[in-house]
Novice: 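Sending over a structure as structure tokens; questions will come in a sec.
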Amino acid sequence: LQLVESGGGLVQPGGSLRLSCAASGSGFRLDYYAIGWFRQAPGKERERVSCVSGSDGRTNYVDSVKGRFTISADNSKNTVYLQMDNLKPEDTAVYYCAAAGPILATYYCLSDFSPRNFASWGQGTQVTVSS
């Protein structure tokens, strides 16, 4: 399973970005997995951002991004998106997508979507929010 993130960049506070996570692999189907977005700022631990269940589209968010970020999945393209609006300087980080599944994928996503339950990771994309 391979995951490739794209869409990062430099944006001013209050601006928007849309990240993409394209998943591929022999026989891979997003329906059987959950995809999570995580981020890591310099000198800080990796933290959770959001997660979507590929089987039913249910989502989970950490409080700091609720109302500003929207996660969605296009199963026909095996791609997950993270729409980020009203960005703040504290959103600056490298953003990673990761896959959990197929066993217990929805459970992991809708519980605490801990990074330890996500086995496959992308290489990350930089998001910088600065004026």
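Starting from 1, each residue takes its place in the sequence as its number.
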Novice: Grab the two heavy atoms, one from Ala23 and one from Leu3, that are nearest each other, plus how far apart they are.
Specialist: CB-CD2, 3.5 Å

Novice: Atom OG in Ser131, atom CD in Gln12: separation rounded to 0.5 Å?
Specialist: 7.0 Å

Novice: Could you check whether atom NZ of Lys44 has more than 12 heavy atoms from other residues, nucleotides or ligands sitting under 6.0 Å from it?
Specialist: no

Novice: Please round to the nearest 0.5 Å and tell me the distance separating atom CD of Gln2 and atom OG of Ser120.
Specialist: 8.5 Å

Novice: Quick one: which residue pairs count as a ring-ring contact (aromatic ring centres under 6.0 Å, His included) with a foot in residues 76-103, not counting sequence neighbours?
Specialist: none

Novice: Go through it in stages, so that I can follow the logic: the residues are Leu82 and Ser50, the test is side-chain contact (heavy atoms from CB on, under 4.5 Å), and I'd like the CA-CA distance, side-chain angles, deciding distance and then a yes or no.
Specialist: CA-CA 8 Å; Leu82 185 68; Ser50 184; 4.2 Å; yes

Novice: Side chains of Asp112 and Arg48: closer than 4.5 Å at any heavy-atom pair?
Specialist: yes

Novice: Tell me, with the steps shown, if Tyr107 and Asn117 meet side-chain contact (heavy atoms from CB on, under 4.5 Å).
Specialist: CA-CA 10 Å; Tyr107 170 77; Asn117 294 320; over 6 Å; no

Novice: For Arg46, does its backbone N or O pair with a side-chain atom of Arg39 as donor and acceptor, under 3.5 Å?
Specialist: no

Novice: Whether the side chain of Glu5 engages the backbone of Gly124 through a donor-acceptor N/O pair (distance < 3.5 Å, no angle test) should be reported.
Specialist: yes

Novice: Between Lys88 and Asp91, does any side-chain N to carboxylate O distance fall below 4.0 Å?
Specialist: no

Novice: Can you see which heavy atom on Arg58 is nearest to which on Thr106, and at what distance?
Specialist: NH2-CG2, 3.6 Å

Novice: How close do Ala73 and Leu30 get, counting heavy atoms only, and between which atoms?
Specialist: CB-CD2, 4.0 Å

Novice: Any ring-ring contact (aromatic ring centres under 6.0 Å, His included) pairs touching residues 11-58, not counting sequence neighbours?
Specialist: Phe28-Tyr33, Phe38-Phe118, Phe38-Trp121

Novice: Would you say Asp31's side chain and Gly54's backbone share a donor-acceptor pair under 3.5 angstrom?
Specialist: no

Novice: Does some side-chain heavy atom of Thr92 sit less than 4.5 Å from a side-chain heavy atom of Glu90?
Specialist: no

Novice: Would you say Tyr61 ends up clustered with Tyr108 if hydrophobic residues are merged whenever their side chains have heavy atoms under 4.5 Å apart, either directly or through other cluster members?
Specialist: no

Novice: Would you mind reporting whether Pro89 and Ser130 have side-chain heavy atoms less than 4.5 Å apart?
Specialist: no

Novice: Hey, are Asp74 and Ser76 close enough side-chain-wise for a donor-acceptor pair under 3.5 Å?
Specialist: yes

Novice: Between Thr79 and Lys77, is there a donor-acceptor pair closer than 3.5 Å when you use the side chain of the first and the backbone of the second?
Specialist: yes

Novice: Please report the C-alpha distance between Ser16 and Gln83 in whole Å, then the side-chain angles of each, then the deciding distance to 0.1 Å, and finally whether the side-chain contact (heavy atoms from CB on, under 4.5 Å) criterion is met.
Specialist: CA-CA 7 Å; Ser16 299; Gln83 177 67 40; 3.9 Å; yes

Novice: What are the two closest non-hydrogen atoms of Val4 and Gln123, and how far apart are they?
Specialist: CA-OE1, 3.9 Å

Novice: Let me confirm one number: the CZ-CG distance from Arg68 to Asp85, rounded to the nearest 0.5 Å.
Specialist: 9.0 Å

Novice: Determine whether the side chains of Ser55 and Ser53 contain a donor N or O and an acceptor N or O closer than 3.5 Å.
Specialist: yes

Novice: Measure the OG-CG distance between Ser111 and Asn60 for me, rounded to the nearest 0.5 Å.
Specialist: 7.5 Å

Novice: Restricting to non-hydrogen atoms, name the atom on Ala34 and the atom on Cys51 that form the minimum distance, rounded to 0.1 Å.
Specialist: CB-SG, 4.1 Å

Novice: Looking only at non-hydrogen atoms, find the nearest pair between Leu87 and Leu17 and report the distance.
Specialist: CD1-N, 3.9 Å

Novice: If hydrophobic clusters are built by linking Ile, Leu, Val, Met, Phe, Trp and Tyr wherever their side-chain heavy atoms come under 4.5 Å apart, do Val127 and Val94 end up in the same one?
Specialist: yes

Novice: Look at the side-chain heavy atoms of Ile, Leu, Val, Met, Phe, Trp and Tyr, link any pair under 4.5 Å apart, and say whether Leu19 and Phe69 land in one connected group.
Specialist: yes

Novice: Is there side-chain contact between Cys21 and Ile35, with at least one heavy-atom pair below 4.5 Å?
Specialist: yes

